[in-house]
Amino acid sequence: MSFSAIFIISFITGLTYFLRRFMGDCQLERPLVLGPVVGLVLGDFRTGLEVGASLELVFMGAQAIGGSVPSNVAIGSALGTAIAITSGTGLEGAMMVAVPVAVVASTFEMFAKTFCAFSVHLADKYAEKGDWKGISLMVHAGNIFHFLAYFIPTLLALYLGDQYVTDLMNAVPANIMSGIKAVGSLLPALGFGLLLNNLSTREFMPYFFIGFAIAAYIPSFGVMGIAFLGIAYVALYAFRKLNQEEEA
Amino acid sequence: MSFSAIFIISFITGLTYFLRRFMGDCQLERPLVLGPVVGLVLGDFRTGLEVGASLELVFMGAQAIGGSVPSNVAIGSALGTAIAITSGTGLEGAMMVAVPVAVVASTFEMFAKTFCAFSVHLADKYAEKGDWKGISLMVHAGNIFHFLAYFIPTLLALYLGDQYVTDLMNAVPANIMSGIKAVGSLLPALGFGLLLNNLSTREFMPYFFIGFAIAAYIPSFGVMGIAFLGIAYVALYAFRKLNQEEEA
Amino acid sequence: MSFSAIFIISFITGLTYFLRRFMGDCQLERPLVLGPVVGLVLGDFRTGLEVGASLELVFMGAQAIGGSVPSNVAIGSALGTAIAITSGTGLEGAMMVAVPVAVVASTFEMFAKTFCAFSVHLADKYAEKGDWKGISLMVHAGNIFHFLAYFIPTLLALYLGDQYVTDLMNAVPANIMSGIKAVGSLLPALGFGLLLNNLSTREFMPYFFIGFAIAAYIPSFGVMGIAFLGIAYVALYAFRKLNQEEEA
Amino acid sequence: MGEKILTKKDLTRLFIRSNAVQSAFNFERQQALGFEWGMIPLINKLYKNPDDRIAAYKRHLGYFNSHPWTCGPIYGMVASMEERKAIGEDIPEENITAVKSALMGPLAGIGDSLFWGTLRPIAAGICASLALSGNGIAPLIFVLFVNAIHFGVQYWGVMAGYNFADQFMEKMQSFQIKAWMEAATILGLIVVGGLAATWLNVTTPLTYTTGEASVALQATLDNIFPKLLPLLCTLGVYGVLRKGKSTMWAMCAIIIIGFVLGFIGVL
Amino acid sequence: MGEKILTKKDLTRLFIRSNAVQSAFNFERQQALGFEWGMIPLINKLYKNPDDRIAAYKRHLGYFNSHPWTCGPIYGMVASMEERKAIGEDIPEENITAVKSALMGPLAGIGDSLFWGTLRPIAAGICASLALSGNGIAPLIFVLFVNAIHFGVQYWGVMAGYNFADQFMEKMQSFQIKAWMEAATILGLIVVGGLAATWLNVTTPLTYTTGEASVALQATLDNIFPKLLPLLCTLGVYGVLRKGKSTMWAMCAIIIIGFVLGFIGVL
Amino acid sequence: MGEKILTKKDLTRLFIRSNAVQSAFNFERQQALGFEWGMIPLINKLYKNPDDRIAAYKRHLGYFNSHPWTCGPIYGMVASMEERKAIGEDIPEENITAVKSALMGPLAGIGDSLFWGTLRPIAAGICASLALSGNGIAPLIFVLFVNAIHFGVQYWGVMAGYNFADQFMEKMQSFQIKAWMEAATILGLIVVGGLAATWLNVTTPLTYTTGEASVALQATLDNIFPKLLPLLCTLGVYGVLRKGKSTMWAMCAIIIIGFVLGFIGVL
Ligand SMILES: OC[C@H]1O[C@H](O)[C@@H](O)[C@@H](O)[C@@H]1O
Ligand SMILES: OC[C@H]1O[C@H](O)[C@@H](O)[C@@H](O)[C@@H]1O
Ligand SMILES: OC[C@H]1O[C@H](O)[C@@H](O)[C@@H](O)[C@@H]1O
């Protein structure tokens, strides 16, 4: 791969993530899209299309929800597709690279999401002074940081080559990997804790436990079922309140 | 089969349905009962008994509920039994006729239940004038119409013979059959919609959704479980209301 | 076995049950504990340990709850271990004795729990007179009765020998055994009935049915899940009541 | 206020006629005509004034649907309420309608699961096996057994319903009756929700293909919101009726839409 | 009003005696005698007047049943309430009984699932495998481990119950206490419902035959209303007690009916 | 009071900027910066007084997290509330915050299951199979299709939210608004409970041995209280925040504790 190809591929990978942040999850980082684009860059659209579509089916369920960080499908499939085309190992080769890389690379997204907490704190300061340009700056800085969190690892990995990357990944002890994974599974709790802190009053807190217990003990409900039941319940609640007020 | 036998069998089939309407579902149209009766008419009680009992087990679950129209077991088993006896093909032959005929013949009950909406509208007019004899007339007319909806198809089918009936059924395109079935599965929604329209007020409507969601998401409850929970809930509701009133 | 060994084993068996009553279920009657102790008495700790541990796994789920009477693991494992050691049949022999004996011997606990109702009635009389020493007497008498309910059967069974016991058990007609079992499965209903009688008022009774229906129709909840939901609910209830009072 | 009018004989007659509740059954108002026919002699006896009669005739021609073996209590309670209305008590027409519409659902639920779902299949199953092993009177046993229960339950229901309502309205003050009427309506709504989710079986046979596997759309729907289609159908009908369309109109719409959707393979 | 009477020593003694809660266990009032025995020294210290004493003795001989390792908080709370009653505060007898009957259910539920259902089997299972691999002190480990928890939880429970009730009654106004008492009763009822449905295992072995297959009646029942038999049994006992029959009577009836039904193969 | 200030153009601009809601996403306040950025032009137009502006900037820098395709209604409603506040109506700051925090949960739930859980996988799956059978424009179809829906839903959401809030606040009296705000908070709490139980996947790989079989601790936990670990984590974070620790602090604690527990094999 020429360095310009490497640079373009890495840039595009970073860009898809940048657009996820700045244009509301346009889904450009899905393997189905990224695969053929990488293929185009490397001059083999067909292989890119095929590898991308196959990886799409593999990563079907990977989706960030509530701030969670799933497998990094973008980096995984950019690397996988590029290597499949340049090494000629095709789908097999792509899979062997993409899946483990996606798992490890989720660390970079976690890193960006952790680090951007600082831009929020700086924004607080600008808000205090009424400096909206400063706030905007923090928004863009944060997004660029997210861009870099995808761009740099992809660039390095493509530059160093898949053998190097595999060796590196093998060199990381299993303990450390499982530590990182545990952090990834715990961090979304921060979001729920904050949400709770926002909403809860002593008086209404039990509703949180009721929603939790129903979802935990009757998994068939899912979030939709609970939202449905919840809406019916609060409608009754509001109508009753209104009646009482009117009578009073 | 002599025409008189044909006529008697068809008449009895219609009659069982007439009595379902007029005497409160006496279950005379079940194959277990209709089979041996047809057997008696054709002079072969034993075969009728055997075929009827076997068909009973086949049609175990067929039951009209909430205005739904299941397989027409009466027409199916009358025809099945008659053909089993006269053609000597026994149980096998009965089954081959009864099951498809029962499916198709459900259309006639649907037709009767659709058509009788007119007698209700006429009854409205009589009620307006205080003419209770007119209302009664509509009741009887409706029941006779239901009778005919079973009597005529059975008569024609027995008269034309099973070969003719099978040919006719095969001639109906699958599309049309599935259209009719879809209508049959949708029509009971009319009943629930009407019921809802009767009961609902803005204030209490959410209870409908709660009942629906519990039954939909936790099928183990069934209607009995929901009625049980519902009764416990409204008892609490009424006691609370009474307390509030007494205090006020 | 010497009579003194028989006596000591029976006494220990009775004692473990006495301590269950008087010292709050110390779990000394578990096979895991009783097995090696019996082994020690008979001079073969190893076999006792092995047999006890194996029986522990067999009787894993046996636990009195809400006044129910499960298999009598204490008598079962005392007898089983003793016979395994003295007859040299080892684990096999122990199992063959322990399991059926434990089932039959549950009758004695049932007997003690039935009989001790009388000591409560006598205690009522003493309370009436303010005689707290009399009440204490009834407590101890009841506990000694429970002791005897384990001590005597074990003594007799060890004295008469396993052949005799097996013959006796086989001589009891199956009907009578299933009658006794039915009594055992019904008697805990007395506890729940009494509890209900204590707690219920016309106004709150529906809550019992709600708790019952949820547990019956959604077994995944279990008692913990229901207690959890219940606590959340009554917290809401109390907060609402307090608000109303404060406003009033 | 006047004296009681209805005699034991009137109630027996009511029981007999109540068995015709399924008469002229139709998709629009289901058992409305059947229920009306049961009330006619009673209305004629209670109301002498033509206007009251006409009002009563019209009152009982509204939508009704319950289980033919367990609807007795509704007949009995309505009889008691009409009687008290006739002798001058202040019983608003809405209360009578509330009792009918609130109880028909739960009673249908009980009857459907107890009799259609359990007793009838069990009795038929047992008698069918008897018949298959050569017992010629098994069909007769079946008919006699289930109908003994049928008519027994219905008779007891009519009488118990009348007596209960009689004592209930005697004892209760009007605000108490109101609370219980509300409770009945709520119960009715909960049970109708349960009934619709349980008995309405509208499903789609559509499938779509992802990768190699072809997935049923219905399975996907069941994962997010089981019984979504029955709910949409019920709400659709309800909305159309709310908007003032006639049931006739709704019925025709259902038939046409259903047929087309079934024909093109969507339902 | 007087000063606090109970000392740390009294509470320690209460903890020691509270472990005898299962004493003279019987089907009629279960742990009533055991609970009473725990309260005796406390009652003797608090009440000097014979009438007050007798009332207290009788008060604590009522039905009681909880988990022997988690019932501590009830002892502690009752101790605090009795103390305040003794020094002249207005604590109605019903409130003391309410605390007992409302908390015994939930605490039993927690203890039964946490200790009987989880901790004990796990600890016993692990120690049994240790023993099977030749470790001779595994039984001792088991006994020491579970009883360390047992006595630790119970001690903590008695003390925490006393302190909580003390502070609670200090801070709350009487209408607040009433609201929480009501909440406790409701919780008790919900949990008793859950307990009865979970732990009462009354089933029927009857079967019937339809066609060739023989069907278990219990399976049919489970389809319509799982745990119907346990519910009927509980309500039966409850109804009999409500009607004023003694528990003795109820117990004998259960024994006779149960034996007969088991004998003829219905249960 | 003043006249309406916001024009159609302002709302269109709001819609365009609302798509950046995920900007500078971070574990501390998630989409707070993104939401703020969307509001800036609006705030600048509505408030001329520096103090009001600063208050508004700070108001919208609080914790926010919803679904990027279904959060439109929140933008719209907040815009309407801010406008009314700017022209002098009495709209307490708390009400604006309540609307945001109460609606973000349910809307996220709907968006997550409808779009992330259903539409996107289905569309991607179908297009992937098309691509595998050689169709080169399948990826384009996918992108165009999902984003047509994405931007369509978001546009409609912003506009509908604005109009709804406008009419709602016009018609409702203040006590009615209060009741609905309370209802929104309750709904928010119920849904957050459901979200946490569904999406938080904290499990332990620990096992223990009883007899021969080795049992997963997680399976035992699931039997007593499924999702106990996620609940404890959420409550832990919540407790720490309640106690006044900063989110920064909480985030670092989670990272350290999580890493250690994962490292030693407890999580
Ligand atoms: O759960 C709501 C929301 O949370 C985060 O913002 C992201 O993971 C979104 O993809 C998701 O929709
Ligand atoms: O569902 C109630 C009721 O609906 C209709 O009237 C019929 O199908 C009956 O058989 C059924 O019992
Ligand atoms: O169910 C509560 C309780 O009931 C009885 O007292 C005994 O069976 C105990 O073991 C149990 O904990």
Contact part of [X] toward chain D, heavy-atom cut-off under 4.5 Å: side chain, backbone, both or neither?
X      : answer
B:L28  : side chain
B:Y233 : side chain
B:I214 : neither
B:R46  : side chain

Chain B contact residues among residues 137-145 of chain D, heavy-atom distance under 4.5 Å: D:P139, D:F142, D:V143
Min side-chain heavy-atom separation D:W37-B:H140 under 4.5 Å: yes
Determine whether D:E182 and B:F204 make a side-chain contact, defined as any pair of heavy atoms from C-beta on separated by less than 4.5 Å. yes
Give me the one residue out of D:I190, D:L235, D:L189 that meets side chain to side chain contact (heavy atoms under 4.5 Å, CB included) with B:F209. D:L235
Hey, are [Y] and [X] close enough side-chain-wise for a donor-acceptor pair under 3.5 Å?
X      : Y      : value
D:S23  : B:N143 : yes
B:S200 : D:Y238 : yes
B:Q27  : D:H150 : no

Between side-chain atoms of residues 122-130 of chain B and protein atoms elsewhere (two or more places apart, or another chain), which donor-acceptor pairs fall under 3.5 Å?
residue : atom : partner : partner atom : Å
B:D124  : OD1  : D:R29   : NH1          : 3.1
B:D124  : OD2  : D:R29   : NH2          : 2.6
B:E128  : OE2  : D:K58   : NZ           : 2.9

D:K48, NZ atom: more than 12 neighbouring heavy atoms under 6.0 Å: yes
Ring centres of B:Y237 and D:W180 under 6.0 Å apart? no
